[in-house]
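Since the structure comes first, as structure tokens, the remarks are kept for the end.
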Amino acid sequence: MAVEEINIPFHRQGTFLSLRLLGACGMIGAPMMLVEGLYRYLAHMADNQNNQIDGVLGLIYIGGWMCSAIGMRRLRVTGSGIWGMSVSAVQMVGLLLAGLWSMQEIVHFNALAGSELFSITDAAWPLSHLFMLVVGGFVLGAGVWHGWRRVPAFLCGLALLAFFIASAVGVREVGLVLFPVMTMIGFMSLGYAVRTSR
């Protein structure tokens, strides 16, 4: 009895600290698309763009996103059943593929360049963003999170739609600003939601 009373608080504290760390990593990765956009703009002006820097920033972004996704799974915010677990699994596969594309930008695997796998990893970037709308729907349906915590996943998914709509109506430059700003706000909020959850 005395041993259980001692162990339970330590277990809870460890879980709390892990969620705090995962959420913090998610928040750190959140602004990397905005940083990459600024870098591309400045590098284009100086005619000195480096794809490896793009790859590193993208990898940090994906890594932060994965940390938030792991935190969401631990909290069961997409549901505790088979469908909630499946959504989390699909999301993680998409993020791993997107991360592989960023690794290709950094290391330049000759075997991967121009292959079907390269095309798949490239497509994983936009599809993973759009899939956040599905994740948001499951968060809404599971009812684990309430209030503002239900919004960030949708915002992350809507960022790419905002870019597509802006491009379709002829204001692509607006989309190029909206996308990184919306993903920064969305993933920062998502990381904070994980970090402050119990």
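These numbers were taken from a predicted model, which means no experiment stands behind them.
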Least distance between heavy atoms, [X] atom then [Y] atom:
X	Y	result
V144	R76	CG2-O, 3.4 Å
L75	W145	CD1-CZ2, 3.9 Å
R195	A24	NH1-CB, 3.6 Å
G136	A153	CA-CB, 3.7 Å
F163	L176	CE1-CD2, 3.6 Å
M182	A162	SD-CB, 3.7 Å

* Asked: Can you say whether the rings of W65 and Y61 are parallel (under 30°), tilted (30 to 60°) or perpendicular (over 60°)?
  -> perpendicular
To the closest 0.5 Å, what do you measure between [atom1] ([X]) and [atom2] ([Y])?
X	Y	atom1	atom2	value
C67	L21	SG	CG	7.0 Å
M32	T183	CE	OG1	11.0 Å
L97	L117	CG	CG	7.0 Å
Q91	S86	CD	OG	12.5 Å
I70	R73	CD1	CZ	12.0 Å
T78	L140	OG1	CG	12.5 Å

Do the non-hydrogen side-chain atoms of [X] and [Y] ever get within less than 4.5 Å of each other?
X	Y	result
M132	L160	no
F187	M33	no
L130	L161	yes
F138	V134	yes
V77	R149	no

* Excluding sequence neighbours, so at least two apart, what forms side chain to side chain contact (heavy atoms under 4.5 Å, CB included) with V171? -> A166, V169, V174
* To do: Verify the neighbour count for atom CZ of F179: are there more than 12 heavy atoms of other residues, nucleotides or ligands below 6.0 Å?
  => yes
